[in-house]
Amino acid sequence: MKIRFLCLFAIIAIGMPAFALHHDEYPVLMPPLSEGIFPCSNCHAGLEVNAKKRELKEEHTNIKLHHAENNRWCLDCHNPANRDQLKLANGETINFTESHLLCGQCHGNIYRDWKVGIHGKRIGNFKGGKKVYFLCVNCHNPHDPKFKPLKPEPPPIRPERSHGR
Amino acid sequence: MEAWIFFKRTVRMVFVGTKVYYLWCAFLLAIIGVGISFYAKQLEAGLIVTNMTDQVSWGLYIGNFTYLVGVAAAAVLLVIPAYIYHFDPIKEIVVLGELLAASAIIMALMFVLADLGRPDRFLHIIPVIGILSFPNSLLAWDVIVLNGYLVLNAIVPIYILIKTYFRKEPVKKFVIPLVLLSIPWAVGIHTVTAFLYNGLAARPFWNASILAPRFLASAFCSGPAIALIIFQILRKTTGLKIKNEALFKIAELMAYAMFINLFLLGAEIFKEYYTGTIHLEPMKYLFQGVHGHHALVPWIWSAMAMNIAAFLIFLIPGTRKNLVTLNIGSLLIILGVWIEKGLGLIVPGFVPDPLGEIYEYLPNINEIAVSLGIWAFGLFIFTMFMKVAVPIQRGDFVHSKYDKAAIKPQYERIKP
Amino acid sequence: MKMMSMGTVAALYLGSSACTKDKVEEFLQKNFREMSETEKKQVIRRLEETYLRKYGKKFQISTKRAEAGILWGYGLDLSRCIGCRRCVYACVKENNQSRVNPQLQWIRVVRLKKGSLINLENAEHYYNPETVPEPGFMYMPVQCQHCENPPCVRVCPIKATWKEPDGIVVVDYNWCIGCRYCIAACPYKGRVFNWSEPNIPVEELNTDVHYLGNRPRMKNVVEKCTFCVQRVRNGRYPACVEACPTGTRKFGNLLDPNSEIRYLIENKRVFRLKEDLNTEPKFYYFFSA
């Protein structure tokens with residue numbers, strides 16, 4: 001009896017993490033964190049958590065949130081308890097390398113496309129080698145995601161001038 | 001032994017002639033020399049020395065090629081009356097007409113060679129040694145029919161001339177089938193050349209069923225016109241007897257061809273302008289200009305004026321039977337068809353290009369020089385052919401066993 | 001006597017010198033598809049020597065064949081292209097195209113006015129604004145569409161261009177005679193011509209090449225996009241796919257039901273250019289947004 005109970009407990013104990021926190025793994029690039037900024041807990045471990053929505057005056061002043069800023073602020077995505085992680089809507093915490101889960105909460109259609117490679121960028125090998133998928137944040141700045149216009153590369157030489165004329 | 005005598009005599013004939021003859025040959029050789037030097041430049045630097053680009057990748061060379069295939073096909077217009085309708089006045093000039101066709105084909109093949117990027121790889125197009133993509137590629141068809149036509153138009157005249165040289169009658173059973181074969185073959189060469197352009201869905205200006213009939217109609221205008229002028233020159237310079245009747249019969253047949261040419265062109269113009277789809281653009285570029293590009297407009301309208309004027313001249317019996325107006329008409333139709341079927345056909349096919357871009361192509365000095373060089377070469381070869389063939393036809397140049405003591409040369413020597 | 005023997009020796013020497021021997025071998029070379037494995041190796045060795053002599057760089061020339069069960073397809077998201085032309089220049093670099101006199105680009109980006117889908121008569125090729133995208137316009141890159149029913153293959157008089165088993169339309173540069181019939185036949189302006197000896201800066205040469213793909217070409221032959229045959233047969237994305245900053249370009253195996261390209265054909269609204277010409281291109285344009 002006792003052994004049966006122990007076995008059941010063992011199965012549940014090992015199986016639990018598999019049920020609860022399992023997410024699909026993608027061979028993503030490293031998120032583009034600024035130099036020296038990670039791990040955030042280097043500073044934040046010793047700081048008090050101020051959950052009041054405000055404009056930051058002392059640090060992180062270069063970040064202007066331009067991404068649904070009327071409806072939320074920093075600590076709605078960044079985990080107040082541990083700044084080395086991000087926070088999902090159901091309270092679950094994830095690493096920065098899985099930030100696509102966070103973006104996917106609101107941008108479901110795009111997330112579905114990203115998972116199969118239609119949205120976003122993949123480089124390297126698609127078969128038989130190293131795959132590299134770009135995270136959302138590798139292209140979109142999470143605080144100001146809209147693409148800025150680029151300077152285009154030069155147009156082709158006109159045929160009238162193309163033969164050294 | 002006789003062959004050696006023949007060879008010696010032809011060499012002498014070719015180097016002896018009137019002052020006009022010498023001037024003419026010197027003129028042609030000079031142009032050929034210039035053409036060769038420009039072609040050498042093209043071989044060295046690549047086709048970049050021409051005005052062709054990725055947008056308009058065929059130009060003056062292919063335009064001339066198309067025109068000359070038409071000229072070659074038109075020799076058949078002389079053959080038909082002579083052999084099918086037994087119209088004797090023409091029979092004497094059939095051989096010369098076929099040699100004209102042979103020269104035209106040689107010129108056409110040279111134009112293709114000049115246009116090729118890698119003529120050093122010509123082995124690749126020979127069947128068995130290389131790969132000839134028959135029957136898929138129309139260019140492969142063209143290689144076969146053009147060379148076959150050249151062989152045909154070399155065998156028949158050479159055979160007849162040899163027989164005449166030996167004062168024997170050409171064996172009808174050998175000659176007639178070949179001659180009759182050359183009629184559909186002549187239609188064939190120009191049809192295949194037309195299909196070359198016709199079969200490209202990418203070029204709506206060419207992808208019209210009427211293209212092959214138009215080619216044939218214009219060929220039957222311009223080719224015989226060149227023949228008319230050349231025969232009159234031969235008549236004057238060599239004393240070869242060519243009846244006016246023959247010339248007027250050719251002119252009459254040409255009038256029909258000119259009408260069909262104009263009618264088919266009119267049909268094309270109606271179809272494009274009335275329907276007014278996007279496929280109108282190339283024709284609009286040709287006749288009116290598009291987006292400020294109108295380099296070809298004056299050319300095509302001159303060609304139209306020339307073709308219509310020539311048609312009227314050939315239609316009215318009064319002007320047709322007058323040698324002066326006949327010659328004017330011939331010159332007009334030669335130039336008119338050259339513009340319309342040469343540049344006026346090739347360039348608009350590429351304008352606008354498949355992605356809507358417009359590049360105005362006009363040939364540059366390199367292309368013009370090489371083209372003139374090839375024309376001069378063709379005329380030179382034809383002159384050489386005539387220098388030997390006419391005396392044979394006339395009966396002056398015969399097998400040495402018929403020689404009397406001294407044969408007077410037919411032309412004066414130039415006094416030193 | 002002395003002169004004659006010296007002349008003979010000189011002739012023999014010249015005859016056996018690498019340069020002339022190479023030229024003779026090149027002249028007698030067969031069409032790539034007819035070569036045996038040994039002949040291919042000989043040709044590759046000769047080319048590697050030629051390139052080493054000409055550019056001073058060691059080239060890796062692959063002749064890797066197509067694998068079974070593969071048909072390459074391409075997807076292009078027209079809602080994401082911003083017309084920045086990074087793909088054009090990435091392709092130029094990867095594929096050793098001539099930079100100037102002539103400037104050869106396998107990809108051509110055209111700018112179209114919004115409101116009419118593919119009216120190419122009003123396409124602008126030479127747009128050069130300060131920044132892209134410009135409001136009111138959309139951008140469409142065009143390159144060889146690798147048709148299943150290619151008109152260029154049909155018209156080549158010597159079969160110098162053909163469709164490989166994995167769907168890539170290739171050119172044997174040593175067999176092409178430069179007649180440019182294929183350029184006239186292509187409805188998409190996919191093919192370009194080396195009007196003179198290509199000019200490539202030696203330091204920018206890509207030495208990882210395929211015989212049918214991006215090896216340095218010579219003057220007066222035709223070339224075009226090869227879906228980066230040197231990359232895709234090793235499972236790597238083509239250079240244009242990797243260069244695009246907005247993730248517009250998609251590539252994959254049409255016969256693999258799990259590939260990106262199959263997903264987008266089945267789930268997005270795709271179309272192909274000039275489909276009424278029945279060329280069956282394998283280049284699918286779509287809009288994801």
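To find a chain, count down the sequence lines: A is the first, B the second, and so on, and within it residues start at 1. This is a predicted model, so every value here is computed, not measured.
- By the 6.0 Å contact criterion, CH2 on B:W141 is open, its count of non-hydrogen atoms from other residues, nucleotides or ligands being 12 or less.
- To the nearest 0.5 angstrom, C:R154 atom CZ is 10.0 Å from B:L138 atom CG.
- With a threshold of 4.5 angstrom between heavy atoms, C:Q29 approaches chain B through N, CA, C or O but not through any side-chain atom.
- Along residues 346-357 of chain B, the residues that come nearer than 4.5 angstrom to chain C, judged on non-hydrogen atoms, are B:F350, B:P352, B:D353, B:P354, B:L355, B:G356, B:E357 in order of number.
- Around atom OH of B:Y39, more than 12 heavy atoms belonging to other residues, nucleotides or ligands sit under 6.0 Å away.
- Only the backbone of B:A45 comes within contact range of chain C, with at least one heavy atom under 4.5 Å from a heavy atom of that chain.
- Residues B:S57 and C:F193 have side chains not in contact (no heavy-atom distance under 4.5 Å, counting atoms from C-beta outward).
- If you measure heavy-atom distances from C:L104 to chain B, the contacts under 4.5 Å come from the side chain alone.
- Only the side chain of C:N119 comes within less than 4.5 Å of a heavy atom in chain B; its backbone stays farther off.
- Within the 4.5 angstrom heavy-atom criterion, only side-chain atoms of C:L277, from C-beta onward, approach chain B.
- Between C:V221 and B:R121 there is a side-chain heavy-atom pair separated by less than 4.5 Å.
- At a 4.5 Å heavy-atom cutoff, the contact between C:V155 and chain B is made by backbone and side-chain atoms alike.
- Interface check for chain B: of the options C:C156, C:G178, C:A184, the most heavy-atom pairs under 4.5 Å are formed by C:A184.
- Few gaps surround CH2 on B:W185; more than 12 heavy atoms of other groups in view lie less than 6.0 Å from it.
- Of the two parts of B:L123, only the side chain, counted from C-beta on, holds a non-hydrogen atom closer than 4.5 Å to a non-hydrogen atom of chain C.
- At least one side-chain heavy atom of C:W195 sits less than 4.5 Å from a side-chain heavy atom of B:D54.
- Within the 4.5 angstrom heavy-atom criterion, only backbone atoms of C:C186 (N, CA, C, O) approach chain B.
- Summarising the local packing, NZ of C:K93 is surrounded by 12 or fewer heavy atoms from other residues, nucleotides or ligands at distances under 6.0 Å.
- For chain C, no part of B:I126 is nearby; none of its heavy atoms comes within less than 4.5 Å.
- Your options are B:D142, B:I125, B:L196, and the one with the most heavy-atom pairs under 4.5 Å with chain C is B:L196.
- In this structure, B:F195 places its CZ atom where only 12 or fewer heavy-atom neighbours from other residues, nucleotides or ligands lie under 6.0 Å away.
- Contact count against chain B (heavy-atom pairs under 4.5 Å) is highest for C:N174 among C:N174, C:L28, C:V153, C:D276.
- Distance check: B:R118 CZ to C:N194 CG gives 10.0 Å after rounding to the nearest 0.5 Å.
- Atom CD of C:E121 has more than 12 neighbouring heavy atoms from other residues, nucleotides or ligands inside a 6.0 Å radius.
- Across B:I278, B:L139, B:I129, B:I131, the residue that shares the most heavy-atom pairs under 4.5 angstrom with chain C is B:I131.
- To the nearest 0.5 Å, atom SG of residue C:C152 and atom CG of residue B:L200 are 11.5 Å apart.
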Does the pair C:I183 and B:W58 meet the rule for a side-chain contact (heavy atoms from CB on, under 4.5 Å), with working shown?
CA-CA 9 Å; C:I183 296 185; B:W58 278 341; over 6 Å; no
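- Annotation: B:H293, atom NE2; neighbour count of heavy atoms from other residues, nucleotides and ligands within 6.0 Å is above 12.
- For a residue to count as touching a neighbouring chain, one of its non-hydrogen atoms must lie under 4.5 Å from one of that chain's; by this rule C:K30 does not touch chain B.
- Chain B forms more heavy-atom pairs under 4.5 Å with one residue of C:P187, C:C179, C:P157 than with any other, namely C:P157.
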Determine, step by step, whether B:L47 and C:R180 satisfy the side-chain contact (heavy atoms from CB on, under 4.5 Å) criterion, reporting the C-alpha distance in whole Å, the side-chain angles of both residues, the deciding distance to 0.1 Å, and the verdict.
CA-CA 11 Å; B:L47 283 163; C:R180 308 188 300 293; 3.3 Å; yes
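- The CD1 atom of C:I158 sits 6.5 Å away from the NE2 atom of B:H124 when rounded to the nearest 0.5 Å.
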